[in-house]
Structures are given as structure tokens and as C-alpha cells.
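Below: one structure, written as C-alpha cells.
Lettering follows sequence order; numbering is per chain, from 1. This is a predicted model, so every value here is computed, not measured.
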Number of protein chains: 2
Amino acid sequence: MLSRIFRAMIKETDTFFKMLADNTRLRCLMLMQAEGELCVCELTHALNLSQPKISRHLAHLREAGVLVARRNGTWMNYRINPDLQAWALEVLQTTLDGVRQSEPFISDSNMLGTMANRPGLACCA
Amino acid sequence: MLSRIFRAMIKETDTFFKMLADNTRLRCLMLMQAEGELCVCELTHALNLSQPKISRHLAHLREAGVLVARRNGTWMNYRINPDLQAWALEVLQTTLDGVRQSEPFISDSNMLGTMANRPGLACCA
DNA sequence: AACATATATATGCTTTCACGTATATTTCGC
DNA sequence: GCGAAATATACGTGAAAGCATATATATGTT
């Protein structure tokens, strides 16, 4: 079985860090690193920012290869690209461990946790 | 002995990544992570870039708390701030491990290695 | 003090990037 | 097909950031 041979190569190393160099994008990434797949409305709610703003940043992250997207009905689910270079994935995890106990991660995480009608967590489950 | 209690706190997490988000700065940082302390002329030679360009980026890195500087005669030696948060130091090491076998790190490292009259490595040692 | 070396800063310019608002697109249920 | 919900994009604007060139500062030597 010739499974994934090619990793999602980010052209330049600094491109990866450019994606982490914006607070909105970083908050989104940290939430996804912690929670896995999230949709636009969950991120919009958690960060309390406008939908276009979130959507545009997610598009950037996707174009850069940092995120992958999966459509589920009207929802678009984004998650960190599992085919990123190993060192890049490790950087994300290390960063999460570093910010886990501090703002804005705590608030974002709480907002997400208390969100009503999350698409993934069906109301009737 | 009340040694270092306070770590060099970077105000915002994304500020740290902004510093890594420029190719010139990243190349400098990777060299310093690998080699330790380096002076401006060594970096200028290794990256083959203009002195003002290197100097300005080092100043940015210093202002952001990512680097510390030490004067030695006419030379200014820069090194990665050892008081950075642990996760930030780990990110730098992980990144170095990730780029060690690829360009531009290989070339930069070679250029540094073959540089004549390096200030640190005295000619008469 | 004059000079050379190493480094830092200033200036003017161009590009990149993030933003808010408005609008378009996609999908689903009817 | 139509309306509603979720998401994406377009447009105009302002701020930030990088660059090259020129120049200033600091240190050591004579």
C-alpha cells in the first residue's frame, strides 16, 4: 500500500511562521490543535470575531497548507493538516503546551466549551 | 540564591512568531541556535546580505526580547535570549532540527564555517 | 587627534497585510 | 425553485514592514 509519501511541504520555512504571526490565526490554530476539527461558526463564536474575518484567515491558512478543509453540509470543517512536516506539527504542539494556561487560549476554549448548538456535538446526541 | 525568577516574557505569543516570519531573521536565528553567539559581520558574511539589513533585523529581534547582545570591542555579539519562555526555546530547537538538512541553512552554515578571520575564533589560537 | 573597522540609524520608497462593510456563493429543507 | 443558514469573496482603505542607499556612531590603534 503506497500510502502518503509526500508530506505537505510548505515552500519556505518562514511562510509557516508568517501564518502563526497573526493573533487571530494563532488563536484559531491553538483551538484546533487542542480540539481537532472545528467549523467556521465555532471559531467565530469562540474568538468573538466577525465571520468574514475568521473565514478569510482560515482561507489563508488553507492556501498555505497549514489547514485542510472538509465540507459537511453547510458547514466547513477545518483542521490542522496532518501531512505537515513533523517539525511543524511539533512546533504547533509545543506552542499549545506553552499557551494552554494563559490568555487568550483559556477564554477561547471556555467560549467554545459553553457554545450552544455546536454542529459537531449534535443537540440530540 | 535567588537566581533568575523572571523569564523574558514576550508580551504576545504572536509577537514571537512575527520575529520568525521573515526569512532573513529566521536564517540568523537558526545559525545562532546552531552555533551560539555570533557577531554582525559573521551573519553578514554567512547570509551574504548587506550589513545594515542584518543589523536592523538583529535590532528588531533584540527589541522583541528574542536576542540578547554583548559588546566585545568593536564587535557586537548576539545570541538567543536564554531567558525566553521554555516553549519558545523549544520551538527554536525543533525548527532547527527541521531545517538542518535543507537550504538555506546548509549554505549559510557552510559560509560561516569557511569564513576567514572570524572574530571569535582568533587567528592565532 | 586622526584614522580604520564594526555596527547602528535615518530617509524615502514600495509592498504587504489586515480590516470593515457589503455582497456573492453554497447547501439544505420545503 | 425559494428562503434560510453557513460560508466565501470583493472592494477600498490604512497601517505596518521590508528594502537600498547614505550617513552617523562607537571602539581601538597609532
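- Going from atom CG of Leu49(B) over to atom P of dA8(C) covers 15 Å, rounded to whole Å.
- At whole-Å resolution of the value, CD1 in Ile54(A) and P in dA18(C) are 13 Å apart.
- With Thr44(A) contributing its side chain and Val40(A) its backbone, the two residues share a donor-acceptor pair below 3.5 Å.
- At the phosphate of dA6(C), neither OP1 nor OP2 sits under 4.0 Å from any side-chain N or O atom of Tyr78(B).
- For the OP1/OP2 pair of dA18(C) and a distance below 4.0 Å, the side-chain nitrogens and oxygens of Arg25(A) include at least one atom meeting the criterion.
- Atom C1' of nucleotide dA6(C) and atom CZ of Arg118(B) are separated by 16 Å, given to the nearest angstrom.
- In this structure, the side chain of Asn81(A) engages the main chain of Gly65(A) through a donor-acceptor pair within 3.5 Å.
- Contact annotation: Thr74(A) does not reach the phosphate of dT27(C) (side-chain N/O to OP1 or OP2, under 4.0 Å).
- Closest-nucleotide positions on DNA chain C for Gly73(A) and Cys41(B) were compared, and the one nearer the 5' end corresponds to Cys41(B).
- Contact annotation: His57(A) side-chain N/O to dC19(C) OP1/OP2 distance is under 4.0 Å.
- Remark: C1' of dA17(D) and CG of Leu20(B) are 16 Å apart, rounded to the nearest angstrom.
- Nucleotide dT23(C) holds its P atom 21 Å from the NZ atom of Lys53(A), rounded to whole Å.
- Across all strands shown, Arg71(B) has heavy atoms under 4.0 Å from sugar-phosphate atoms exclusively, and none from any base.
- Here dA26(D) presents its C1' atom at 15 Å from CG of Asn77(B), a figure rounded to the nearest Å.
- Summarising the geometry, the separation between CG on Leu58(B) and C1' on dC19(D) is reported as 16 Å, rounded to the nearest angstrom.
- A donor and an acceptor atom sit less than 3.5 Å apart, one in the side chain of Gln51(B) and one in the base of dA8(C).
- Straight-line distance from the CZ atom of Arg56(B) to the P atom of dA20(D): 8 Å, rounded to whole Å.
- When each of Ser55(A) and Ala21(B) is assigned the nucleotide of DNA chain D bearing its nearest heavy atom, the one mapping closer to the 5' terminus is Ser55(A).
- Counting only distance, with no hydrogens or angles, the side chain of Arg25(A) and the backbone of Lys18(A) share a donor-acceptor pair below 3.5 Å.
- In the set dT9(D), dA6(C), dT7(D), dT9(D) carries the atom at the smallest distance from any side-chain atom of Pro52(A).
- Between the side chain of Arg71(B) and the backbone N or O of Gly73(B) there is at least one donor-acceptor pair closer than 3.5 Å.
- For Glu103(A), the CD atom sits in a packed shell: over 12 heavy atoms of surrounding residues, nucleotides or ligands are nearer than 6.0 Å.
- The 5' end of DNA chain C is approached more closely, in terms of each residue's nearest nucleotide, by Ser50(A) than by the other of Asn72(A) and Ser50(A).
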